[in-house]
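What follows is a set of notes on a single structure, which appears directly below.
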Amino acid sequence: QVQLVESGGGMVQSGGSLTLSCTGSGFILDYYEVGWYRQAPGKEREGVSCISKGGDTTKYSNSVKGRFTISRDSAKNTIYLQMNNLAPEDTAVYYCAAGRTHMSCASPRYGIPHYWGQGTQVTVSS
């Protein structure tokens with residue numbers, strides 16, 4: 001069964017850090033572009049970060065650039081999102097998504113993923 005599972009969300013104070021994990025099962029993430037997205041209450045889902053199939057290209061939204069880092073661990077079939085210096089405006093449900101044919105880190109909003117995870121809640125208190 002093809003599945004993406006996020007973990008690592010939680011509640012932190014402003015200025016704190018969290019690392020989110022996105023683990024694939026039933027397929028090899030190395031062959032896919034993988035993105036992290038987030039959706040806050042009452043807001044549209046936004047692309048936060050993306051890593052290319054080969055891992056040589058990473059993209060970040062302006063709102064997280066310099067604070068978040070995306071990375072791959074091929075041995076664990078997992079994508080990470082290290083989030084530092086978190087702020088209350090980072091509060092959202094975070095999703096990972098993977099795609100090949102219609103997804104590209106170079107595309108606006110990273111294109112169209114094929115697989116989505118269930119999401120993990122991140123709450124940052126002031």
Side-chain angles (χ1 to χ4, degrees):
Q1 181 181 1
V2 173
Q3 201 172 9
L4 283 172
V5 178
E6 302 99 333
S7 62
M11 183 177 294
V12 295
Q13 289 189 330
S14 183
S17 298
L18 282 173
T19 299
L20 304 183
S21 300
C22 170
T23 300
S25 61
F27 69 117
I28 300 173
L29 278 177
D30 277 356
Y31 300 150
Y32 289 76
E33 310 270 279
V34 180
W36 282 99
Y37 301 75
R38 67 186 182 187
Q39 188 165 22
K43 294 188 177 181
E44 287 189 0
R45 185 176 294 179
E46 65 167 327
V48 171
S49 183
C50 187
I51 187 165
S52 62
K53 288 189 290 288
D56 55 337
T57 299
T58 57
K59 298 287 186 182
Y60 300 93
S61 67
N62 288 335
S63 60
V64 306
K65 199 172 294 183
R67 299 188 298 124
F68 290 12
T69 303
I70 192 170
S71 62
R72 284 184 182 271
D73 185 333
S74 299
K76 295 182 178 180
N77 207 31
T78 298
I79 305 296
Y80 299 100
L81 186 68
Q82 172 68 42
M83 306 186 296
N84 297 326
N85 194 23
L86 285 161
E89 51 265 36
D90 295 315
T91 295
V93 178
Y94 284 71
Y95 302 86
C96 67
R100 285 202 293 190
T101 305
H102 301 295
M103 182 173 178
S104 169
C105 294
S107 299
R109 303 182 67 175
Y110 312 141
I112 304 172
H114 191 72
Y115 303 113
W116 286 90
Q118 82 289 349
T120 186
Q121 176 71 46
V122 172
T123 303
V124 185
S125 61
S126 57

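Nothing fancy with the numbering, it's 1 onward along the sequence.
- Side-chain contact between Ile79 and Ile70: present, with at least one pair of heavy atoms (C-beta onward) separated by less than 4.5 Å.
- Minimum interatomic distance between Gly111 and Ser107 (heavy atoms only, all atoms of both residues): N-CB, 3.7 Å.
- Taken together through direct or relayed side-chain contacts under 4.5 Å among Ile, Leu, Val, Met, Phe, Trp and Tyr, Phe27 and Tyr80 form parts of separate hydrophobic clusters.
- Annotation: side chain to side chain donor-acceptor pair (under 3.5 Å) contacts of Arg109 (sequence neighbours excluded): none.
- Both Met83 and Val12 belong to a single network of hydrophobic side chains, linked directly or stepwise wherever heavy atoms of I, L, V, M, F, W or Y lie under 4.5 Å apart.
- Ring to ring, Phe68 and Tyr60 are not that close: their centroids are 6.0 angstrom or more apart.
- The structure places OG1 of Thr19 at 7.5 Å from CG of Asn84, a figure rounded to the nearest 0.5 Å.
- Distance OH/Tyr31 to OG/Ser74: 9.5 Å, rounded to 0.5 Å.
- The shortest side-chain heavy-atom distance between Gln118 and Glu6 falls under the 4.5 Å cut-off.
- Sorted by first and then second residue, the salt bridge (charged side-chain N to carboxylate O under 4.0 Å, His left out) pairs involving residues 60-71 (not counting sequence neighbours) are Arg67-Asp90.
- Inter-residue side-chain proximity for Val122 and Leu20 is flagged as met; some heavy-atom pair is nearer than 4.5 Å.
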Stepwise side-chain hydrogen bond (donor to acceptor under 3.5 Å, both in side chains) check, Glu89 with Thr91
CA-CA 5 Å; Glu89 51 265 36; Thr91 295; over 6 Å; no
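- Following chains of ILVMFWY side-chain contacts shorter than 4.5 Å, one can reach Tyr32 starting from Val2, so the two form part of one hydrophobic cluster.
- Of the inter-residue distances, the one linking Trp36 atom CH2 with Ser49 atom OG reads 10.0 Å to the nearest 0.5 angstrom.
- The shortest side-chain heavy-atom distance between Thr58 and Cys105 does not fall under the 4.5 Å cut-off.
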Take Ser17 and Gln82, measure what side-chain contact (heavy atoms from CB on, under 4.5 Å) needs, and give me the verdict at the end.
CA-CA 8 Å; Ser17 298; Gln82 172 68 42; 4.0 Å; yes
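- For residues 15-37, the set of pairs meeting the salt bridge (charged side-chain N to carboxylate O under 4.0 Å, His left out) definition, not counting sequence neighbours, comprises Asp30-Arg72, Glu33-Lys53.
- The shortest non-hydrogen separation linking Ala98 to Met103 is C-SD, 3.7 Å.
- Counting heavy atoms from C-beta on, the side chains of Val93 and Arg45 never come closer than 4.5 Å.
- Shown here for Asn77 and Leu29, the closest heavy-atom pair between the two residues is OD1-N, 2.8 Å.
- By the 4.5 Å heavy-atom criterion applied to side chains, Leu18 and Leu86 are counted as neighbours.
- Taking all atoms of both residues into account, the shortest heavy-atom contact from Ser14 to Ala87 is OG-CA, 4.2 Å.
- Among residues two or more places apart in sequence or in another chain, the side chain to side chain contact (heavy atoms under 4.5 Å, CB included) test is passed with Ser125 by Gln13.
- Listed by first and then second residue, the ring-ring contact (aromatic ring centres under 6.0 Å, His included) pairs involving residues 86-112 are Tyr37-Tyr110 (not counting sequence neighbours).
- With sequence neighbours excluded, the residues that form a side chain to side chain donor-acceptor pair (under 3.5 Å) with Ser63 are Arg38, Ser61.
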